[in-house]
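Have a look at the structure below, then the notes.
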Amino acid sequence: MKIGYACINLSLDCRSSRTFRLKSYSAEYMERTVGGNLSCLLEQLRFNLEHDIYYFRISSDLVPFASHPVCDYPWQKRFKGEFAAIGGFIAEHAMRVTMHPDQFILINALDEGIHARSVAELVYHAQVLDLMGLDASHKIQIHVGGVYGDREASISRFVSRYRKLPAKVRKRLVVENDERSYCLADCLEVSAGTGVPVVFDNLHHSANNRGEKVREALAAAGTTWEERDGLPMVDYSSQKKGGKPGAHAYALDTDDFRAFLEAARGLDFDVMLEVKNKEHSALAALAVAAEMGLA
DNA sequence: AGGTGTCAAGCGTCC
DNA sequence: GGACGCTTGACACCT
């Protein structure tokens with residue numbers, strides 16, 4: 001079991017997700033921003049290694065505007081060496097990285113333009129992981145998408161669109177249950193039609209489910225992962241006390257996390273913490289797992 | 001230098 | 001039909 005955090009390290013004074021305004025787009029901005037983001041990413045990974053953190057989500061902003069029509073900057077060639085070095089570091093230390101394009105990525109969109117832009121964005125994500133030379137266990141996770149008033153038709157559209165995706169995207173794509181539209185059972189249906197592994201998100205599940213207990217849900221999602229996909233991925237976050245259901249807490253609730261791991265005992269997976277205080281919670285979670293003999 | 005309005009992209013909910 | 005939440009930082013313009 002690996003435990004990790006997403007995109008930002010609060011202990012470092014750099015960010016690997018720096019961007020700029022579209023209006024400011026230029027080769028100079030691209031050069032400087034991507035170069036800075038990549039060097040920070042390596043710094044983050046080094047920090048992680050020093051702290052025994054082997055799981056990390058890479059920001060989608062690593063290369064700003066990479067899939068936007070405005071982008072004519074050959075970032076793939078220019079930073080080939082940097083990508084390879086980062087990928088080498090990840091592989092050398094048996095780390096796992098993932099990426100999570102945001103809510104604008106909808107491969108089941110009714111609008112063909114939205115669909116096309118989504119595919120382009122997924123190709124960009126796949127290029128990043130490919131340039132790093134990483135195998136298919138390093139995933140790109142998205143949600144199923146919009147419902148558009150017809151859930152079954154929208155799931156079918158996801159399945160047919162999935163089959164037309166470039167192979168480099170298909171081999172990395174995984175779907176995650178969300179908090180309002182597509183629950184775990186829906187994701188399992190998508191998986192049955194496509195073979196995509198399902199990422200289980202505990203907080204989304206608590207807001208949107210069909211009554212499955214956590215252990216049962218974890219086990220069901222786990223069966224969608226093949227050998228080449230690596231261990232099942234789980235997104236974990238704590239409910240903000242007194243907040244709306246689904247609201248993320250600032251820090252990991254270690255008692256809840258311990259209970260979660262206890263309920264999951266015997267199942268193996270990697271845990272991505274979606275918590276605002278980032279690496280601090282990852283370290284706390286690692287301590288809990290270590291205490292339980294799990295990591 | 002400091003303050004602040006706004007930022008590529010969309011869905012679903014609520015008024 | 002339009003604003004807002006999602007989830008958040010930080011860009012970039014203005015004073």
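This one's a predicted model, so the numbers in the text were calculated from it and none came from an experiment. Chain letters run A, B, ... following the sequence lines, proteins first, then strands; residues in each count from 1.
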Which is true for [X] with a 4.0 Å heavy-atom rule: it touches a base, it touches only sugar-phosphate, or it touches nothing?
{"X": "A:Thr19", "answer": "sugar-phosphate"}
{"X": "A:Phe65", "answer": "base"}
{"X": "A:Val147", "answer": "sugar-phosphate"}
{"X": "A:Ser24", "answer": "sugar-phosphate"}
{"X": "A:Ile114", "answer": "sugar-phosphate"}
{"X": "A:Tyr29", "answer": "sugar-phosphate"}

| query | Does A:Phe104 lie flat on the base of B:dG10, that is, centres under 5.5 Å apart and planes under 30° off? | reply | no
Note: for A:His248 and A:Lys23 on DNA chain C, the residue whose nearest nucleotide lies more 5' is A:His248
Which whole-number value in Å describes the distance from [X] [atom1] to [N] [atom2]?
{"X": "A:Phe158", "N": "B:dC11", "atom1": "CZ", "atom2": "C1'", "answer": "16 Å"}
{"X": "A:Asn208", "N": "C:dC6", "atom1": "CG", "atom2": "P", "answer": "16 Å"}
{"X": "A:Ile105", "N": "B:dG10", "atom1": "CD1", "atom2": "C1'", "answer": "10 Å"}
{"X": "A:Phe20", "N": "B:dA8", "atom1": "CZ", "atom2": "P", "answer": "10 Å"}
{"X": "A:Met30", "N": "C:dC11", "atom1": "CE", "atom2": "C1'", "answer": "16 Å"}
{"X": "A:Asp178", "N": "B:dG12", "atom1": "CG", "atom2": "P", "answer": "10 Å"}
{"X": "A:Arg15", "N": "C:dC11", "atom1": "CZ", "atom2": "P", "answer": "10 Å"}
{"X": "A:Leu106", "N": "B:dC11", "atom1": "CG", "atom2": "P", "answer": "6 Å"}

Taking the six-membered ring where the residue is Trp, are the ring centres of [X] and [Y] under 6.0 Å apart?
{"X": "A:Tyr25", "Y": "A:Tyr73", "result": "no"}
{"X": "A:Phe65", "Y": "A:Trp75", "result": "no"}
{"X": "A:His205", "Y": "A:Phe200", "result": "yes"}

Considering only atom [atom1], compute the distance from [N] to [M] and round it to an integer number of Å.
{"N": "B:dC14", "M": "C:dT7", "atom1": "P", "answer": "16 Å"}
{"N": "B:dT6", "M": "C:dC4", "atom1": "P", "answer": "12 Å"}
{"N": "C:dG5", "M": "B:dG5", "atom1": "P", "answer": "16 Å"}
{"N": "B:dG10", "M": "C:dG9", "atom1": "P", "answer": "23 Å"}

| request: Answer whether the closest heavy-atom distance between the side chains of A:Leu62 and A:Leu38 falls below 4.5 Å. | output: yes
Measure from the side chain of [X], starting at C-beta and using heavy atoms only, and say which of [options] lies closest.
{"X": "A:His68", "options": "C:dT7, B:dA8, B:dG12", "answer": "B:dA8"}
{"X": "A:Asp102", "options": "C:dT7, B:dA9, B:dA8", "answer": "B:dA9"}
{"X": "A:Arg21", "options": "B:dA9, B:dG10, C:dA10", "answer": "C:dA10"}
{"X": "A:Glu121", "options": "B:dA8, C:dC6, C:dC11", "answer": "B:dA8"}

Which pairs, protein N/O on one side and nucleotides 2-5 of chain C N/O on the other, fall under 3.5 Å?
residue	atom	partner	partner atom	Å
C:dG5	N2	A:Arg180	NH1	3.1

B:dA8 -> Watson-Crick or G-U wobble partner, both distances under 3.5 Å, gives none
Paired to C:dT7 by Watson-Crick or G-U wobble criteria (both distances under 3.5 Å) is none
- Task: For A:His125 and A:Ser60, run side chain to side chain donor-acceptor pair (under 3.5 Å): C-alpha distance rounded to whole Å, both residues' side-chain angles, the deciding distance at 0.1 Å, then the answer.
- Result: CA-CA 7 Å; A:His125 282 77; A:Ser60 292; 2.7 Å; yes
Can you see whether A:Tyr182 has A:Arg151 sitting over its ring - NZ or CZ less than 6.0 Å from the centre and within 45° of the normal? yes
*asked:* Less than 6.0 angstrom from the centroid, inside 45 degrees of the normal: does A:Arg32 satisfy that with respect to the ring of A:Tyr29?
replied: yes
Interatomic distance, CG@A:Asn202 vs CD@A:Gln239, rounded to 0.5 Å, equals 10.0 Å
So, OP1 or OP2 of C:dG9: does either fall under 4.0 Å of a side-chain N or O from A:Arg18? no
Apart from A:Ile8 itself, members of its ILVMFWY cluster (side-chain separation under 4.5 Å) are A:Leu10
